[in-house]
2 protein chains.
Amino acid sequence: MDKIERLLRQHHIRPTAIRLLMYKFLHEKNVAVTLNDIESGFDKSERTTLYRTIKTFEKNGLVHQIDDGTGVAKYALDEPENQKGNSQDLHLHFHCTSCNETVCLTDHKIPHISLPKGFVTQDMNLVLKGTCDKCNRK
Amino acid sequence: MDKIERLLRQHHIRPTAIRLLMYKFLHEKNVAVTLNDIESGFDKSERTTLYRTIKTFEKNGLVHQIDDGTGVAKYALDEPENQKGNSQDLHLHFHCTSCNETVCLTDHKIPHISLPKGFVTQDMNLVLKGTCDKCNRK
DNA sequence: AAAAACATGCAACTTAAGTGCATTATTTCC
DNA sequence: GGAAATAATGCACTTAAGTTGCATGTTTTT
(Lines give C-alpha, C1' and ligand atoms only; values in the text may rest on other atoms or scores of the structure.)
Protein backbone atom coordinates (compact mmCIF):
# COMPACT_ATOMS: atom_id res chain seq x y z
CA MET A 1 0.00 0.00 0.00
CA ASP A 2 2.66 2.40 1.12
CA LYS A 3 4.71 1.01 -1.69
CA ILE A 4 2.26 2.11 -4.35
CA GLU A 5 1.90 5.47 -2.69
CA ARG A 6 5.63 5.97 -2.81
CA LEU A 7 5.73 4.83 -6.42
CA LEU A 8 3.15 7.38 -7.41
CA ARG A 9 4.96 10.12 -5.57
CA GLN A 10 8.17 9.18 -7.30
CA HIS A 11 6.36 9.91 -10.53
CA HIS A 12 5.03 13.18 -9.19
CA ILE A 13 1.49 11.89 -9.00
CA ARG A 14 -0.54 12.67 -5.93
CA PRO A 15 -1.79 9.41 -4.51
CA THR A 16 -5.52 9.88 -4.35
CA ALA A 17 -7.91 7.03 -3.70
CA ILE A 18 -8.83 6.51 -7.31
CA ARG A 19 -5.25 6.59 -8.45
CA LEU A 20 -4.20 3.98 -5.95
CA LEU A 21 -7.10 1.80 -7.02
CA MET A 22 -6.32 2.23 -10.67
CA TYR A 23 -2.71 1.37 -10.15
CA LYS A 24 -3.70 -1.81 -8.39
CA PHE A 25 -6.17 -2.60 -11.13
CA LEU A 26 -3.54 -2.20 -13.82
CA HIS A 27 -1.04 -4.15 -11.78
CA GLU A 28 -3.33 -7.12 -11.38
CA LYS A 29 -3.99 -7.33 -15.09
CA ASN A 30 -1.20 -8.67 -17.19
CA VAL A 31 -2.79 -7.43 -20.38
CA ALA A 32 -3.36 -4.01 -21.82
CA VAL A 33 -6.74 -2.52 -20.93
CA THR A 34 -9.04 -0.04 -22.59
CA LEU A 35 -10.69 2.84 -20.81
CA ASN A 36 -13.87 0.79 -21.00
CA ASP A 37 -12.21 -2.10 -19.22
CA ILE A 38 -11.18 0.25 -16.47
CA GLU A 39 -14.63 1.74 -16.28
CA SER A 40 -16.16 -1.69 -15.84
CA GLY A 41 -13.83 -2.33 -12.94
CA PHE A 42 -14.81 0.84 -11.13
CA ASP A 43 -18.50 1.24 -10.40
CA LYS A 44 -17.50 4.02 -8.08
CA SER A 45 -15.93 6.51 -10.36
CA GLU A 46 -16.69 8.36 -13.48
CA ARG A 47 -15.40 8.03 -17.00
CA THR A 48 -13.85 11.46 -17.21
CA THR A 49 -11.97 10.99 -13.99
CA LEU A 50 -10.69 7.61 -15.05
CA TYR A 51 -9.75 9.07 -18.39
CA ARG A 52 -7.81 11.88 -16.81
CA THR A 53 -6.24 9.53 -14.33
CA ILE A 54 -4.86 7.22 -16.99
CA LYS A 55 -3.65 10.23 -18.96
CA THR A 56 -1.86 11.50 -15.87
CA PHE A 57 -0.25 8.10 -15.47
CA GLU A 58 0.79 8.20 -19.08
CA LYS A 59 2.19 11.70 -18.97
CA ASN A 60 4.25 10.82 -15.94
CA GLY A 61 5.64 7.64 -17.38
CA LEU A 62 3.73 5.11 -15.33
CA VAL A 63 1.82 3.56 -18.21
CA HIS A 64 2.19 3.51 -21.95
CA GLN A 65 -0.53 3.65 -24.50
CA ILE A 66 -0.79 0.84 -27.01
CA ASP A 67 -2.33 1.10 -30.39
CA ASP A 68 -2.99 -2.47 -31.40
CA GLY A 69 -5.05 -1.74 -34.48
CA THR A 70 -8.45 -2.36 -32.93
CA GLY A 71 -9.14 1.34 -33.03
CA VAL A 72 -9.37 1.64 -29.28
CA ALA A 73 -6.52 2.87 -27.15
CA LYS A 74 -5.17 0.43 -24.61
CA TYR A 75 -2.92 1.05 -21.67
CA ALA A 76 -0.45 -1.03 -19.74
CA LEU A 77 1.88 -0.36 -16.84
CA ASP A 78 5.45 0.33 -17.71
CA GLU A 79 7.56 -2.43 -16.35
CA PRO A 80 9.90 -1.36 -13.57
CA GLU A 81 12.99 -2.12 -15.62
CA ASN A 82 11.77 0.24 -18.28
CA GLN A 83 10.95 2.94 -15.81
CA LYS A 84 14.49 3.30 -14.58
CA GLY A 85 16.24 4.03 -17.81
CA ASN A 86 14.78 6.93 -19.64
CA SER A 87 15.25 5.10 -22.90
CA GLN A 88 11.97 4.54 -24.60
CA ASP A 89 10.64 1.07 -24.10
CA LEU A 90 10.57 -0.27 -27.60
CA HIS A 91 9.18 -3.64 -26.79
CA LEU A 92 6.56 -5.13 -29.05
CA HIS A 93 2.95 -6.03 -28.51
CA PHE A 94 0.94 -9.04 -29.46
CA HIS A 95 -2.73 -8.70 -30.22
CA CYS A 96 -4.81 -11.87 -30.18
CA THR A 97 -7.56 -11.65 -32.75
CA SER A 98 -9.41 -14.46 -31.00
CA CYS A 99 -9.75 -13.21 -27.43
CA ASN A 100 -8.96 -9.60 -28.34
CA GLU A 101 -6.32 -9.35 -25.64
CA THR A 102 -3.11 -7.45 -26.14
CA VAL A 103 0.00 -8.22 -24.17
CA CYS A 104 3.38 -6.54 -23.87
CA LEU A 105 6.28 -8.74 -24.83
CA THR A 106 8.76 -6.70 -22.89
CA ASP A 107 11.72 -8.93 -23.50
CA HIS A 108 11.19 -8.90 -27.25
CA LYS A 109 12.88 -5.80 -28.48
CA ILE A 110 12.23 -4.35 -31.88
CA PRO A 111 15.19 -4.95 -34.19
CA HIS A 112 17.02 -2.02 -35.63
CA ILE A 113 15.79 -0.94 -39.04
CA SER A 114 17.76 1.18 -41.45
CA LEU A 115 15.77 3.76 -43.31
CA PRO A 116 16.25 5.72 -46.52
CA LYS A 117 18.45 8.78 -46.30
CA GLY A 118 16.87 11.76 -44.60
CA PHE A 119 14.50 9.87 -42.36
CA VAL A 120 15.04 10.19 -38.62
CA THR A 121 13.30 7.78 -36.30
CA GLN A 122 12.23 8.84 -32.87
CA ASP A 123 9.79 6.13 -31.93
CA MET A 124 8.27 2.97 -33.28
CA ASN A 125 5.33 0.71 -32.85
CA LEU A 126 5.25 -2.97 -33.68
CA VAL A 127 2.16 -5.05 -33.18
CA LEU A 128 1.98 -8.71 -34.11
CA LYS A 129 -1.45 -10.14 -34.65
CA GLY A 130 -2.58 -13.71 -34.45
CA THR A 131 -3.69 -16.14 -31.79
CA CYS A 132 -2.18 -16.24 -28.36
CA ASP A 133 -1.02 -19.24 -26.35
CA LYS A 134 -4.19 -19.43 -24.31
CA CYS A 135 -6.46 -19.46 -27.36
CA ASN A 136 -4.32 -22.00 -29.17
CA ARG A 137 -4.60 -24.41 -26.26
CA LYS A 138 -8.37 -24.43 -26.41
CA MET B 1 -7.97 5.16 -68.62
CA ASP B 2 -8.78 1.79 -70.03
CA LYS B 3 -5.89 0.52 -68.03
CA ILE B 4 -7.46 1.53 -64.75
CA GLU B 5 -10.77 0.12 -65.85
CA ARG B 6 -9.15 -3.21 -66.57
CA LEU B 7 -7.32 -3.11 -63.28
CA LEU B 8 -10.54 -2.60 -61.38
CA ARG B 9 -12.23 -5.40 -63.27
CA GLN B 10 -9.35 -7.68 -62.49
CA HIS B 11 -10.14 -7.06 -58.86
CA HIS B 12 -13.85 -7.67 -59.42
CA ILE B 13 -14.71 -4.06 -58.91
CA ARG B 14 -17.17 -2.45 -61.27
CA PRO B 15 -15.51 0.63 -62.72
CA THR B 16 -17.93 3.39 -61.91
CA ALA B 17 -17.06 7.04 -62.32
CA ILE B 18 -16.25 7.61 -58.67
CA ARG B 19 -14.15 4.50 -58.45
CA LEU B 20 -12.05 5.49 -61.41
CA LEU B 21 -11.58 8.93 -59.95
CA MET B 22 -10.65 7.57 -56.57
CA TYR B 23 -8.14 5.20 -58.07
CA LYS B 24 -6.50 8.06 -59.90
CA PHE B 25 -6.54 10.15 -56.77
CA LEU B 26 -4.82 7.44 -54.77
CA HIS B 27 -2.38 6.79 -57.57
CA GLU B 28 -1.27 10.39 -57.78
CA LYS B 29 -0.57 10.55 -54.06
CA ASN B 30 2.50 8.81 -52.88
CA VAL B 31 1.39 8.94 -49.29
CA ALA B 32 -1.35 7.25 -47.34
CA VAL B 33 -4.56 9.25 -47.17
CA THR B 34 -7.41 9.48 -44.72
CA LEU B 35 -11.05 9.41 -45.66
CA ASN B 36 -11.03 13.13 -44.95
CA ASP B 37 -8.23 13.68 -47.43
CA ILE B 38 -10.25 11.86 -50.04
CA GLU B 39 -13.35 13.83 -49.18
CA SER B 40 -11.48 17.08 -49.65
CA GLY B 41 -10.41 15.95 -53.08
CA PHE B 42 -13.93 15.17 -54.21
CA ASP B 43 -16.36 18.01 -53.97
CA LYS B 44 -18.66 15.96 -56.10
CA SER B 45 -19.30 12.94 -53.98
CA GLU B 46 -20.44 12.10 -50.54
CA ARG B 47 -18.65 10.77 -47.49
CA THR B 48 -20.57 7.53 -47.28
CA THR B 49 -19.95 6.71 -50.90
CA LEU B 50 -16.28 7.45 -50.60
CA TYR B 51 -16.15 5.38 -47.46
CA ARG B 52 -17.80 2.43 -49.13
CA THR B 53 -15.64 2.85 -52.18
CA ILE B 54 -12.41 2.70 -50.24
CA LYS B 55 -13.74 -0.28 -48.28
CA THR B 56 -14.55 -2.03 -51.53
CA PHE B 57 -11.03 -1.35 -52.71
CA GLU B 58 -9.69 -2.71 -49.47
CA LYS B 59 -11.82 -5.84 -49.50
CA ASN B 60 -10.73 -6.60 -53.02
CA GLY B 61 -7.05 -6.11 -52.35
CA LEU B 62 -6.53 -2.86 -54.16
CA VAL B 63 -5.60 -0.80 -51.13
CA HIS B 64 -4.47 -1.57 -47.63
CA GLN B 65 -5.41 0.22 -44.49
CA ILE B 66 -2.67 1.72 -42.36
CA ASP B 67 -2.87 2.39 -38.71
CA ASP B 68 -0.09 4.84 -38.00
CA GLY B 69 -1.04 5.69 -34.46
CA THR B 70 -2.69 9.00 -35.19
CA GLY B 71 -6.05 7.42 -34.45
CA VAL B 72 -7.32 7.92 -37.97
CA ALA B 73 -7.32 5.18 -40.57
CA LYS B 74 -5.25 5.81 -43.65
CA TYR B 75 -5.26 4.01 -46.95
CA ALA B 76 -2.71 3.47 -49.67
CA LEU B 77 -2.71 1.59 -52.93
CA ASP B 78 -1.19 -1.83 -52.86
CA GLU B 79 1.87 -1.79 -55.01
CA PRO B 80 1.59 -3.91 -58.14
CA GLU B 81 4.32 -6.26 -57.02
CA ASN B 82 2.41 -6.97 -53.87
CA GLN B 83 -0.81 -7.54 -55.69
CA LYS B 84 0.46 -10.47 -57.67
CA GLY B 85 1.59 -12.71 -54.90
CA ASN B 86 -1.10 -13.39 -52.38
CA SER B 87 1.43 -13.14 -49.60
CA GLN B 88 0.53 -10.36 -47.26
CA ASP B 89 2.49 -7.25 -47.86
CA LEU B 90 4.41 -6.90 -44.68
CA HIS B 91 6.22 -3.75 -45.54
CA LEU B 92 6.58 -1.07 -42.94
CA HIS B 93 5.25 2.45 -42.69
CA PHE B 94 6.87 5.68 -41.67
CA HIS B 95 4.82 8.38 -40.02
CA CYS B 96 6.26 11.87 -39.95
CA THR B 97 5.23 13.66 -36.79
CA SER B 98 6.12 16.98 -38.37
CA CYS B 99 4.06 17.00 -41.57
CA ASN B 100 1.77 14.17 -40.44
CA GLU B 101 2.32 12.22 -43.63
CA THR B 102 2.61 8.48 -43.69
CA VAL B 103 4.41 6.64 -46.43
CA CYS B 104 4.78 2.98 -47.32
CA LEU B 105 8.35 1.78 -47.36
CA THR B 106 7.54 -1.16 -49.57
CA ASP B 107 11.06 -2.35 -49.99
CA HIS B 108 11.68 -2.43 -46.25
CA LYS B 109 10.34 -5.74 -45.08
CA ILE B 110 9.63 -6.47 -41.47
CA PRO B 111 12.23 -8.82 -40.05
CA HIS B 112 11.15 -12.16 -38.71
CA ILE B 113 10.44 -12.19 -35.00
CA SER B 114 10.36 -15.28 -32.88
CA LEU B 115 7.64 -15.39 -30.28
CA PRO B 116 7.08 -17.30 -27.06
CA LYS B 117 5.72 -20.80 -27.42
CA GLY B 118 2.05 -21.00 -28.30
CA PHE B 119 1.78 -17.69 -30.11
CA VAL B 120 0.92 -17.85 -33.79
CA THR B 121 1.39 -14.75 -35.91
CA GLN B 122 -0.89 -14.06 -38.83
CA ASP B 123 -0.19 -10.43 -39.49
CA MET B 124 1.86 -7.56 -38.23
CA ASN B 125 2.04 -3.83 -38.22
CA LEU B 126 5.20 -1.81 -37.89
CA VAL B 127 5.16 1.95 -37.88
CA LEU B 128 8.26 4.06 -37.41
CA LYS B 129 7.74 7.61 -36.25
CA GLY B 130 9.98 10.56 -36.62
CA THR B 131 10.72 13.20 -39.21
CA CYS B 132 10.78 12.47 -42.90
CA ASP B 133 13.34 13.49 -45.49
CA LYS B 134 11.30 16.44 -46.72
CA CYS B 135 10.86 17.91 -43.25
CA ASN B 136 14.49 17.38 -42.35
CA ARG B 137 15.58 19.36 -45.40
CA LYS B 138 13.67 22.41 -44.33
C1' DA C 1 -37.52 -4.34 -71.95
C1' DA C 2 -38.02 -6.29 -67.38
C1' DA C 3 -35.89 -8.22 -63.48
C1' DA C 4 -32.05 -8.60 -60.61
C1' DA C 5 -28.01 -6.91 -58.69
C1' DC C 6 -25.32 -3.31 -57.40
C1' DA C 7 -24.00 1.76 -56.49
C1' DT C 8 -25.06 6.13 -54.58
C1' DG C 9 -26.90 9.77 -51.50
C1' DC C 10 -29.05 11.28 -47.41
C1' DA C 11 -30.05 10.87 -42.62
C1' DA C 12 -29.24 8.97 -38.57
C1' DC C 13 -26.67 6.29 -35.04
C1' DT C 14 -22.60 4.56 -32.33
C1' DT C 15 -18.45 4.84 -29.99
C1' DA C 16 -14.39 6.84 -28.20
C1' DA C 17 -12.05 10.82 -27.13
C1' DG C 18 -11.78 15.24 -25.29
C1' DT C 19 -13.17 20.07 -23.03
C1' DG C 20 -15.47 23.59 -19.79
C1' DC C 21 -16.80 24.53 -15.63
C1' DA C 22 -18.56 24.15 -11.03
C1' DT C 23 -17.67 21.53 -6.84
C1' DT C 24 -14.82 19.09 -3.64
C1' DA C 25 -10.43 17.71 -1.69
C1' DT C 26 -5.60 18.42 -0.70
C1' DT C 27 -1.38 21.32 -0.05
C1' DT C 28 0.97 25.28 1.11
C1' DC C 29 2.04 29.08 3.71
C1' DC C 30 1.34 32.41 7.26
C1' DG D 1 -4.70 25.62 12.88
C1' DG D 2 -6.97 28.12 9.27
C1' DA D 3 -7.16 30.73 4.99
C1' DA D 4 -5.59 30.91 0.35
C1' DA D 5 -3.87 28.45 -3.50
C1' DT D 6 -3.59 24.50 -6.13
C1' DA D 7 -5.17 20.23 -7.82
C1' DA D 8 -8.72 16.40 -8.38
C1' DT D 9 -13.29 14.99 -9.36
C1' DG D 10 -17.97 14.80 -11.44
C1' DC D 11 -21.34 16.21 -14.69
C1' DA D 12 -22.77 17.94 -19.06
C1' DC D 13 -21.64 18.64 -23.36
C1' DT D 14 -18.95 18.60 -27.81
C1' DT D 15 -16.22 16.62 -31.53
C1' DA D 16 -14.70 13.34 -34.81
C1' DA D 17 -14.53 9.09 -37.12
C1' DG D 18 -16.71 5.16 -38.37
C1' DT D 19 -20.76 2.79 -39.66
C1' DT D 20 -25.67 1.31 -40.97
C1' DG D 21 -30.63 1.65 -42.99
C1' DC D 22 -33.15 2.74 -46.52
C1' DA D 23 -34.84 5.01 -50.63
C1' DT D 24 -33.37 6.17 -55.17
C1' DG D 25 -30.57 5.71 -59.29
C1' DT D 26 -27.67 2.99 -62.39
C1' DT D 27 -25.76 -1.00 -64.51
C1' DT D 28 -25.85 -5.75 -65.76
C1' DT D 29 -28.10 -9.94 -66.97
C1' DT D 30 -31.32 -12.65 -69.49
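The figures that follow rest on heavy atoms only: side chains count, while hydrogens, waters and symmetry mates do not. Residue numbers start from 1 in every chain, and the chains themselves are labelled A, B, ... in the order their sequence lines are given, proteins ahead of strands. A quick note: this is a predicted structure, and the numbers were derived from the prediction, not measured.
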Trainee: Counting just side-chain N and O atoms, does B:N36 come under 4.0 Å of either OP1 or OP2 of D:dA17?
Mentor: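 Checking B:N36 against D:dA17: at least one side-chain N or O falls below 4.0 Å of OP1 or OP2.
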
Trainee: Classify A:T56 by what it touches in the nucleic acid, base, sugar-phosphate, or nothing, heavy-atom distance under 4.0 Å.
Mentor: nothing

Trainee: Without decimals, in angstroms, what is the distance between A:E46 CD and D:dC13 C1'?
Mentor: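 These atoms are roughly 12 Å apart.
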
Trainee: Tell me the interatomic distance from A:Y51, atom OH, to D:dA8, atom P, rounded to whole angstroms.
Mentor: 15 Å

Trainee: Measure NZ/A:K55 against C1'/C:dA16 and give the value in whole Å, please.
Mentor: 11 Å

Trainee: What is the distance, rounded to the nearest whole Å, between atom CZ of B:R52 and atom C1' of D:dC22?
Mentor: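 Taking CZ of B:R52 and C1' of D:dC22, I get 10 Å after rounding.
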
Trainee: Mind telling me whether A:Y23 and A:H27 have parallel, tilted or perpendicular rings, with 30° and 60° as the class edges?
Mentor: parallel

Trainee: More than 12 heavy atoms of other residues, nucleotides or ligands under 6.0 Å from NZ of B:K59: is that the case?
Mentor: no

Trainee: From CG of A:L50 over to C1' of C:dG18, roughly how many Å is that when rounded to an integer?
Mentor: 15 Å

Trainee: Applying a 4.0 Å non-hydrogen cut-off, can you work out what B:R47 is touching in the nucleic acid: base, sugar-phosphate, or nothing?
Mentor: base

Trainee: Counting only side-chain N and O atoms of A:T16, is one of them less than 4.0 Å from OP1 or OP2 of D:dT9?
Mentor: yes

Trainee: Looking just at side-chain N and O atoms, do B:T70 and B:D68 make a donor-acceptor pair shorter than 3.5 Å?
Mentor: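 Distance-only check passes for B:T70 and B:D68.
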
Trainee: What's A:T34 touching, base or sugar-phosphate or nothing? Going by heavy atoms closer than 4.0 Å.
Mentor: nothing

Trainee: If only side-chain N and O atoms count, and only distance matters, is there a donor-acceptor pair under 3.5 Å linking B:S40 with B:D37?
Mentor: no

Trainee: Is A:E5 salt-bridged to A:R9, going by a charged N under 4.0 Å from an acidic O?
Mentor: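 Judged by the 4.0 Å cut-off on N to carboxylate O distance, A:E5 and A:R9 do form a salt bridge.
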
Trainee: For A:I18 and B:T48, find the nucleotide of DNA chain D closest to each by heavy atoms; which residue's nucleotide sits nearer the 5' end?
Mentor: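 Result: A:I18.
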
Trainee: Nearest-Å distance, CD (B:E39) to P (C:dC10)?
Mentor: 12 Å

Trainee: Find the distance B:Q65:CD to D:dG18:C1' and express it as a whole number of Å.
Mentor: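 From B:Q65 CD to D:dG18 C1': 10 Å.
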
Trainee: CG of B:L20 versus P of C:dA7: gap in Å, rounded?
Mentor: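 Roughly 13 Å, once rounded to whole Å.
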
Trainee: Could you say whether A:T53 or B:Y75 is positioned toward the 5' end of DNA chain D, judged by the nucleotide with the nearest heavy atom to each?
Mentor: A:T53

Trainee: Is any side-chain nitrogen or oxygen of A:R14 closer than 4.0 Å to OP1 or OP2 of C:dT27?
Mentor: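 The answer is no; no side-chain N or O of A:R14 sits under 4.0 Å from OP1 or OP2.
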
Trainee: Of the listed nucleotides (C:dG9, C:dG18, D:dA8), which one gets closest to any side-chain atom of A:R19?
Mentor: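 Between C:dG9, C:dG18, D:dA8, the one nearest the side chain of A:R19 would be D:dA8.
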
Trainee: Tell me which nucleotide among D:dG10, D:dG18, C:dT8 gets nearest to the side chain of B:V72.
Mentor: D:dG18

Trainee: Of all the nucleotides listed (C:dT19, C:dT27, D:dG18), which has the minimum atom distance to the side chain of A:R9?
Mentor: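 Among C:dT19, C:dT27, D:dG18, the one nearest the side chain of A:R9 is C:dT27.
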
